Amino acid sequence: MTTIRLTAAQALVRWLSLQQAEDGSRFIEGVWAIFGHGNVAGLGEALHAHRDALPTWRGHNEQTMAHTAIAYAKASKRRKAMAVTTSIGPGATNLVTAAALAHVNRLPVLFIPGDVFASRAPDPVLQQVEDFGDGIVSANDCFRPVVRYFDRISRPEHILTALPRALQVMTDPATCGPVCLAFCQDTQAEAFDYPVEFFQPRVWHIRRPEPDQRELEAAVATLKAAQNPLIVAGGGVIYSGAEATLRDFARTHNIPFVETQAGKGIASWEDRLNFGTPGVTGSDCGNKLAAEADVVLAVGTRLQDFTTGSWTIFKRPGRRILSVNVQPHDATKRGAQPLVADARVALEKLSAALGAHRFADPDFAARDAWFKATDAVMAAPTGNLLPSDAQVVGAVYRAATPKTLVMGAAGSMPGVLHTLWRGSEGGYHMEYGFSCMGYEIAGALGIKMALPDREVVCMVGDGSYMMANSELATAVMMGVPFTVVLTDNRGFGCINRLQKHTGGAPFNNLLDDAWHVNASRIDFVAHAGSMGAKVVKAGGIAELEAALADARGASIPTVIVIDTDPGPGTGAGGSWWEVGVPEVSTRKEVLAARKEHEAAARAQRLVN
Ligand SMILES: Cc1ncc(C[n+]2csc(CCOP(=O)(O)OP(=O)(O)O)c2C)c(N)n1
Ligand SMILES: [Mg+2]
C-alpha cells in the first residue's frame with residue numbers, strides 16, 4: 001500500500017478539497033476560519049498550504065460566518081456546502097446557535113472546531129471547560145443535540161472514517177444537516193502514513209429514493225378520490241430540484257398550490273395556480289383553499305406551526321393529509337398518510353397514475369381579489385406618515401427585476417414578505433426554521449456567493465441588524481455586493497405587536513419602552529458607513545425606490561436605511577397562531593386575550 005505522510009489537519013484539508021458536487025465543482029466550496037487556540041497552528045498551517053485548492057476566508061464572528069456558509073448551502077439547494085473552523089472554547093460555542101439553525105432547516109454545513117488535547121498533557125488548557133464528573137466532555141459536546149453527526153478526532157487515523165461519514169450525512173436528502181468534527185489540537189498536528197487511495201477525487205450524488213409500491217398505490221387512491229385537493233409545497237421541493245415538476249403536476253391536474261416559507265419561489269407569483277401562502281402568514285385565497293381542501297398534498301414540508309396555523313387551517317371534516325417526504329419523520333407527522341420518496345420522483349409517479357384526471361377549478365376570483373387587496377396594502381403612503389413594513393415591501397417589489405431575490409430571517413419581514421412578496425422563480429430565501437436574528441447580512445453574503453447573477457436584497461430590522469452586522473465589513477472586503485434594506489422602527493416591532501396582541505403592556509421591546517437613562521441614539525447610516533458599505537438614508541418610499549435602482553450594479557454592499565412605523569402589522573391575510581397566553585393575570589387585557597386563545601384553540605386538529 002502506498003502511503004503519504006501528512007498531519008491529520010493536512011490530510012483533512014486535502015481530502016475535503018477533492019470531494020466534488022454533481023457538477024464537478026468542489027462540494028466544500030471553501031472554509032470560513034477564525035483562528036485561535038486550538039486551530040491556528042494545526043489546521044491553519046494545513047489551510048495555508050492548500051489555499052489554492054481550497055480557499056479560506058476570514059469572518060468577524062463564528063456564528064455569522066456559519067450563517068454565511070448555511071445560506072450558501074441553502075441557495076445551492078444543498079448541492080454544495082462550506083466548512084467553518086474555530087478555536088476551542090468560545091469560538092466553538094459561538095457556532096452552536098448556527099448549528100441549531102442548520103439542524104432545523106436541514107441544511108448541510110461542516111463545523112471543525114478545535115478541541116482540547118487528546119493527550120491531556122497540558123490540561124487544563126486555556127478555554128477548557130473541565131467537567132468534574134466526566135473526563136471526555138469538552139465545550140464541543142454542546143453540539144451533540146444540534147448536529148446530525150458528531151465526532152471527535154482524537155487520533156489521526158480517525159479521519160479515515162469520520163470524513164466519509166460527514167459527507168454522507170451532508171449529502172443524504174433524508175438526514176441532511178450540520179456535522180461537527182471536533183478536532184483535538186494535538187491530533188491536528190500529528191503525522192500519519194495515510195493510504196494514497198484515500199485521496200481519490202469523489203463525486204457525491206444526491207440520492208433520489210423511489211416510493212414504496214404499497215404507499216404509492218394508497219397515495220394514488222387517496223388523490224383519485226379527492227374533490228378539492230390543495231398542494232402545500234415546501235423546501236423539500238426545491239432541494240429535490242422538483243420545482244418544474246410541481247408546476248407541471250399542478251397544471252396537468254388543475255390543482256392549486258400554496259408555498260411555505262422554505263417553498264416560496266417554487267413558482268412565480270404569476271402562475272395562475274399559485275394561490276400564495278398558507279397559515280399564519282398566509283394569503284386569504286390560500287387559507288380559503290386550505291379550509292375547503294379534502295386532501296392536503298403536503299410535498300417536502302415539515303408542517304411547522306406557521307404553515308398549519310397551529311393546526312387550525314385545514315378545517316374540512318374528514319380531510320386527509322398526504323405527505324410526500326424523503327424523511328419518514330416528516331411524512332408520518334400528525335397521522336399523515338405517508339409517501340416516503342424524493343419529491344420529483346413521487347410527483348412524476350403520481351401524475352402518471354392520475355393520467356388525464358383534472359380536478360375542478362379552484363376559486364380564481366378569490367385569487368384575483370387577493371392581489372387587488374394587497375396592491376392597496378403595498379401602495380406608498382400619502383402625506384408624511386412613516387411607511388409600514390408592507391409599504392416598504394411594495395417599494396422593493398416595484399423596483400425589482402426578474403433577477404431580484406429577497407431574503408430575511410427574523411422580525412416583521414418574514415411574515416410580511418411571505419404574505420405579500422411577489423417574486424420570480426427562485427426569488428425568495430427565508431431562514432424561517434429557526435428565524436434567527438442576525439442571519440440576514442451574513443446570509444445575504446452567502447447567497448450572493450452561491451448565486452452571483454441574482455440581485456440579492458436583504459430585508460433586516462434595526463433589532464436584527466444590531467444583533468449581528470459585522471459580516472458587512474467582510475462583504476466589503478470580498479467585493480460581494482447586495483442591497484440591505486434596514487427598516488428602523490426603533491425596536492423589536494413584531495414582538496411589541498405580539499405582546500400587545502396577547503394583552504401585554506408595551507414593555508422591553510421598543511427602545512423607548514425599555515429601561516433607559518438616555519434615549520437610544522443609534523446612527524445606522526454612520527454605523528454601516530464605518531464598515532465601508534455604501535449607505536443611503538431614504539426619506540420615504542419614493543426615495544427608497546430610487547435608492548434600490550441606484551444600488552444595482554454596485555461592487556460592494558449598499559445599505560438603505562428607512563424609518564418605519566412599528567405599529568401596523570402586515571395588513572392582509574393570516575390565521576391564528578398559538579402562543580402561551582397567561583391563564584391568570586392582573587391585567588384584564590390578558591384575561592380577554594386568554595379567552596380568545598381558548599376559543600381559537602378549540603379549532604385545533606391535533607391528530608390528523
Ligand atoms: C437570536 C434571536 N433572538 C431573539 C429572537 C426573538 N425575536 C424575533 S423577532 C425579534 C425582534 C426583531 O426586531 P427587528 O429586527 O427590529 O424587527 P422588527 O419587527 O422591528 O421589524 C425578536 C426579539 C429571535 N428570533 N432570534
Ligand atoms: Mg425593529
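When a ligand or atom number is given, it counts from 1 through the structure's own listing order. Just so it is clear, the structure is predicted and the values come from calculations on it, not from any experiment.
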What is the closest protein heavy atom to atom 17 (O) of ligand 1, and at what distance does it sit? Gly411 CA, 3.6 Å
Pairs meeting criterion salt bridge (charged side-chain N to carboxylate O under 4.0 Å, His left out) with involvement of residues 554-571, two or more places apart: Lys537-Asp563
Pairs satisfying salt bridge (charged side-chain N to carboxylate O under 4.0 Å, His left out), at least one member in residues 481-491, at least two apart: Arg490-Asp512
Around the Mg ion (ligand 2), list the protein N/O/S atoms within a radius below 2.8 Å, excluding water molecules. Asp462 OD1, Asn489 OD1, Gly491 O
Of the choices Thr564, Thr97, Ile495, which has the non-hydrogen atom that lies closest to atom 8 (C) of ligand 1? Ile495
Heavy atoms only: which of Tyr439, Tyr465, Phe492, Tyr432 lies closest to atom 11 (C) of ligand 1? Phe492
Applying a strict 4.0 Å limit to heavy atoms, is [X] in contact with ligand 1?
{"X": "Met467", "answer": "yes"}
{"X": "Gly491", "answer": "yes"}
{"X": "Gly438", "answer": "no"}

Only counting residues at least two apart or in another chain, list the ones meeting side chain to side chain donor-acceptor pair (under 3.5 Å) with Gln127. none
How about Met477: does its CE atom have over 12 heavy atoms from other parts shown lying under 6.0 Å from it? no
Tell me which part of Asn489 gets within contact of ligand 1: side chain, backbone, both or neither, using heavy atoms under 4.0 Å. side chain
Fit a plane to each ring of Trp577 and Phe306, take the angle between them on a 0 to 90° scale, and name the class: parallel (under 30°), tilted (30 to 60°) or perpendicular (over 60°). tilted
Taking the six-membered ring for Trp, are Tyr465 and Phe524 parallel (under 30°), tilted (30 to 60°) or perpendicular (over 60°)? perpendicular
side-chain hydrogen bond (donor to acceptor under 3.5 Å, both in side chains), paired with Glu62, selected from Thr85, Thr93, Asn94: Asn94
Any N/O pair Asp389/ligand 1 closer than 3.5 Å: no
